[in-house]
Each structure stands twice: as C-alpha cells, then as structure tokens.
J.: 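Below is one structure. I have some questions about it.
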Amino acid sequence: MPAVTVENPLTLPRVAAPVAAHTRPVLAVATAPSGFEGEGFPVRRAFAGIDYQHLDPFIMMDQMGEVEYAPGEPKGTPWHPHRGFETVTYLIDGTFVHRDSHGGGGVINDGDTQWMTAGSGLLHIEAPPESLVMSGGLFHGLQLWVNLPKSDKMMAPRYQDIGGGQVKLLASGDGGALLRLIAGDLDGHQGPGITHTPITMMHVTVNPGAELTLPWRKDFNALAYALAGRGAAGAEGRPFRMGQAVVFGTGDSITIRADESQESRSPNFEVVLLGGLPIREPMRHYGPFVMNTHAELAQAFEDFQAGRLGTIPADAR
C-alpha cells in the first residue's frame, strides 16, 4: 500500500493532540459487504447499513479491491451518467484512466486523486489502461460520493486532478502516524482538494501500537474506515479492522489507535478519516443521480435518455 509516503515522518509538520478536548465516542461499527461494480471489479460498500443522518454530506464509499489481477483480468466501468453530486476517486495502487463528456479526465496512479463535480450532469468512464489489462497487477482504491446542496446541484461540471505530490503530508505529535490530507483543514493545514461542501478527507497510516488524536470541527460529522490492519477507535477503545467503518458521536477530537500486532499483509493500520458539514436537505438517490426530490430524479433520467447530459466522444465509441 504505497500511496504517498516519506522515509521519516518526523521531518514533517506535526499535528499535536488537542489539550482538554472532548473525545468523540463511537456510536457504531459497521462491516462493509462485498459486491461488484461496473464491468465486474470487486468492491466493499463501506457505508452500507449506516443511517444517512450520520453520513450527510457523504452518500456512499466503495473500497475498490484490493485485488491482484492476472493478465487480461483488469476491469473498469462502461460510459455512464451522473448528476447532483461529486465523485472522489483516490487510487492507492494501480492505474485508472478517466474521461468525461465535457473533456475532463486523465490518468491517476498511486496516491493520486480525481475529484469530479458532476453538477448538472455528464457522462464518464473509468477504465484501466491497455497496458495494465495486458500485464495485470495490483489494484486498490476508493471512490467517495459527496452530496451537493440544492443551490449547487445544477452547476457546471468541473474536474480536479490532484497528484499525489500535492497532498499535504503531516505527522502526529510523536511521529507514530503519517497523515495524507487530501481535502479540508486540519489544525491550520490545508489539503489541495477544492470542495463545494465543507469536508475533511485524509488517509492515515498508524504504526503498530501508536495512538492518533486529532482536533475535529464540532459542526462536522466524523467517520473512519479501515483499509488494512486492525485497531480501535474512541477513548473507549472500540475495536475495528479492515473493511469496517466507525461512526463517531459529537465532540471536538477523534482518537484511533493501532493494535500492537498487525496482519502480515499490512505492517500498519491504514485508515481513511472523513468529516463534513451536514447539508440537512432532503436527499433522493437512485442509480447515478442524487437529487432533492423524486421529480428531480425523474427529470435526470429523462434528460439522460434525451442526450442532454452529454454524448460519448467520437474517438471513444
């Protein structure tokens, strides 16, 4: 799990544990069911079974892989539409090619993030490059869906390509955890992702036996998802492991710690931490569209069928 790393985290800016903070308790731990997406690549549905009141403004998140493909096996998605939200694709291992009907897209590799604001609507495709299809190899990443408020749902589509080298690298106070801040503010440090809905997103690597306590905005929700390894969350030490999501309650800090002993396949505890300002508007989600009402969902399908969400570029047909 390379993503973006450094040999010595002690050389990085530190995020000190807040003093006299109210640590958020753990409300729930949910295990992600496995399934398949697109043309058949394996995913874990990270937030399945979690009430939307705890997720808002996040809609869903898929852990794609981790899978070692044989030659000829790598898969992607066909061309498909989106409207009303943002997709965030964070690639840890492998290569993915994105294209959309508005001319956006590009190639993302280890540690890169593609932030696509679907807004009023577009068509896009995600697929491994031909070279990876031929060779096979390791593939692992995340796709997160972030809701847009009603005022922004019909905005013009936008694409951000966030290279791994742009991610803000930080360390915990004792150097026992490496933080990759992709979006949002943490203790005065800013991630490169430009968001319409205020959120914080980071991938943290916690060394065996280390504890990480971070300041957290009181008006944000707080979620953790384990990509690899095992550990615990909250002052109460609620266990969670790879493929499990943690829902935190209210407070102004969050705590996770890594078990002293980790799995042989992962020397450290790898966790995605998410927080966001709840939109608190009606949310209607069906397939590739996320709107406020059923009528708006019906309109999105009608617009897609009428070709108003864009057309597949001629060189991709």
J.: Which pair of non-hydrogen atoms, one from Phe96 and one from Leu91, has the smallest distance, and what is that distance?
T.: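 So the minimum-distance heavy-atom pair works out to N-CD2, 3.7 Å.
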J.: For Gln114 and Glu126, which I'm curious about, is there any donor-acceptor pair between the side chains at under 3.5 Å?
T.: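 Note: Gln114 and Glu126 side chains miss the donor-acceptor criterion.
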J.: Determine whether the aromatic ring centres of Phe47 and Tyr225 lie less than 6.0 Å apart.
T.: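 No; Tyr225 has its ring centre 6.0 Å or more from that of Phe47.
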J.: Would you find more than 12 non-hydrogen atoms of other residues, nucleotides or ligands less than 6.0 Å from His294 atom NE2?
T.: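 At most 12 heavy atoms, drawn from other residues, nucleotides or ligands, come within 6.0 Å of this atom.
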J.: Once rounded to the nearest 0.5 Å, what's the spacing between atom CG of Leu181 and atom CG of Leu169?
T.: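 Output value for this atom pair is 9.5 Å.
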J.: Give the C-alpha distance, both sets of side-chain angles, the deciding distance and a yes or no for salt bridge (Lys or Arg N to Asp or Glu O under 4.0 Å) between Arg45 and Asp62.
T.: CA-CA 5 Å; Arg45 305 291 190 191; Asp62 283 346; 2.4 Å; yes
J.: Mind checking what makes side chain to side chain donor-acceptor pair (under 3.5 Å) contact with Lys218, not counting sequence neighbours?
T.: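 Here no residue qualifies.
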J.: Other than Leu148, what residues sit in its cluster of Ile, Leu, Val, Met, Phe, Trp and Tyr side chains whose heavy atoms are under 4.5 Å apart, directly or through others?
T.: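 Its cluster mates, by chain and number: none.
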J.: How would you list, by chain and number, every residue that makes a salt bridge (Lys or Arg N to Asp or Glu O under 4.0 Å) with Asp259, sequence neighbours excluded?
T.: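 Counting only residues at least two positions away or on another chain, Asp259 forms a salt bridge (Lys or Arg N to Asp or Glu O under 4.0 Å) with Arg230.
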J.: Between Arg180 and Thr205, do the side chains contain an N or O donor and an N or O acceptor separated by less than 3.5 Å?
T.: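 Indeed, the side chains of Arg180 and Thr205 share at least one donor-acceptor pair under 3.5 Å.
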J.: Do the non-hydrogen side-chain atoms of Phe220 and Pro198 ever get within less than 4.5 Å of each other?
T.: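 With C-beta onward as the side chain, the pair touches.
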J.: I want to know whether Tyr90 and His203 have ring centres closer than 6.0 Å.
T.: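 Yes - the distance between ring centres of Tyr90 and His203 falls below the 6.0 Å cut-off.
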J.: Are Glu296 and Arg284 side-chain neighbours, meaning at least one heavy-atom pair lies under 4.5 Å?
T.: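 In short, these two side chains do not touch, never coming nearer than 4.5 Å.
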